[in-house]
Amino acid sequence: MNVKGILHGIAAALPIFRRQGGGHLVTVLSVSGLKIVPTQTVYARTKNAVRTLLEGLRQESTDGVLRTTSISPGLVRTEFIDHAIDDPALHEHVRRNMADLGIDPTAVARAIAFAIAQPEDVEIGDLTIRPTRQG
C-alpha cells in the first residue's frame, strides 16, 4: 500500500503540476526506513522504495516543475499503533515508549511547512525528525 498510494498520487498530481507550472510532492516516510530493525523489514522496504521513487522524480524533473520532499519522523504520538499492532504485549510496549518519548504531531507539520515555504529554487529533499532521546 505504501508504494501504490504514492504512485497513484503522483499520477494524479503531475498533470496538475504541469498545467500550473509547478508543484511540490511531500511524503511522510519513517525512520524505520533508515534504521532497519527485526520484524519491520518489509515496512522499511516500502518506505525506502518511496524514498527512491521521489529521488528519481527529482532527478528527472530538471524543468523546475516538480519539487520533492520526504519527511522521516521517528516516534510520534499518534493512534497508529491502535491500527497496526495486534500483539498485546508489543502494543503496550510501543504505547509506553510513545507516551514517554514520542514527539507531538505538530513537529512533523512544522517540518512540512518549512519544506514548502522554501523559495522555488530551493528543495528540501529529506528531513529526519525524531525525539532527542530516541536511539
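- Between Leu54 and Ser70, the shortest heavy-atom contact is CD2-OG, 3.6 Å.
- Nearest approach of Pro131 to Leu75, heavy atoms of both residues: CG-O, 3.5 Å.
- The shortest non-hydrogen separation linking Ile129 to Val108 is CD1-CA, 4.4 Å.
- Atom-to-atom distance recorded for Thr78:OG1 and Met98:CE is 4.5 Å, nearest 0.5 angstrom.
- One distance of note links CD of Glu123 with CD of Gln118; it measures 11.0 Å at 0.5 Å rounding.
- The number of heavy atoms from other shown groups lying within 6.0 Å of CD (Glu79) does not exceed 12.
- Heavy atoms only, all atoms of each residue included: Val3 and Ala49 are closest at CG2-CB, 3.8 Å.
- Checked by atom type, the side-chain pair Arg67/Ser61 shows no donor-acceptor distance below 3.5 Å.
- Cluster membership check: Tyr43 does not share its hydrophobic cluster with Leu53, using side-chain heavy-atom separations under 4.5 Å among Ile, Leu, Val, Met, Phe, Trp and Tyr.
- In this structure, the separation between CZ on Arg77 and CG on Asp100 is 10.5 Å, given to the nearest 0.5 Å.
- For Asp86, the CG atom counts as loosely surrounded, since its 6.0 Å shell holds 12 or fewer non-hydrogen atoms of other residues, nucleotides or ligands.
- For the residue pair Thr68 / His24, no side-chain donor-acceptor distance below 3.5 Å is found, with atom types taken as modelled.
- Side-chain atoms of Gln40 do not come within 3.5 Å of backbone N or O of Ile36 as any donor-acceptor pair.
- Within the 3.5 Å criterion, the main-chain N or O of Leu90 finds a donor-acceptor partner in the side chain of Asp87.
- Atom CZ of Arg110 and atom CG of Leu127 lie 12.5 Å apart (nearest 0.5 Å).
- For the pair Ala44 and Ser32, the tightest heavy-atom approach, listed with the atom from each and the gap, is CB-O, 3.1 Å.
- In this structure, CZ in Arg95 is found 11.5 Å from NE2 in His93, a value given to the nearest 0.5 Å.
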Step-by-step side chain to side chain contact (heavy atoms under 4.5 Å, CB included) determination, Asp126 to Thr69 = CA-CA 6 Å; Asp126 290 291; Thr69 300; over 6 Å; no
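- Summarising the local packing, CD of Glu120 is surrounded by 12 or fewer heavy atoms from other residues, nucleotides or ligands at distances under 6.0 Å.
- Looking at Arg45 and Asn48, their side chains never bring a donor and an acceptor atom within 3.5 Å of each other.
- Across Ile124, Thr27, Ile71, a single residue satisfies side-chain contact (heavy atoms from CB on, under 4.5 Å) together with Ile112, and that is Ile71.
- Pairing each heavy atom of Arg51 with each of Ser30, the nearest pair is NH2-O, 4.1 Å.
- For the atom pair CG of Leu66 and CD of Glu60, the computed distance is 10.0 Å after rounding to the nearest 0.5 Å.
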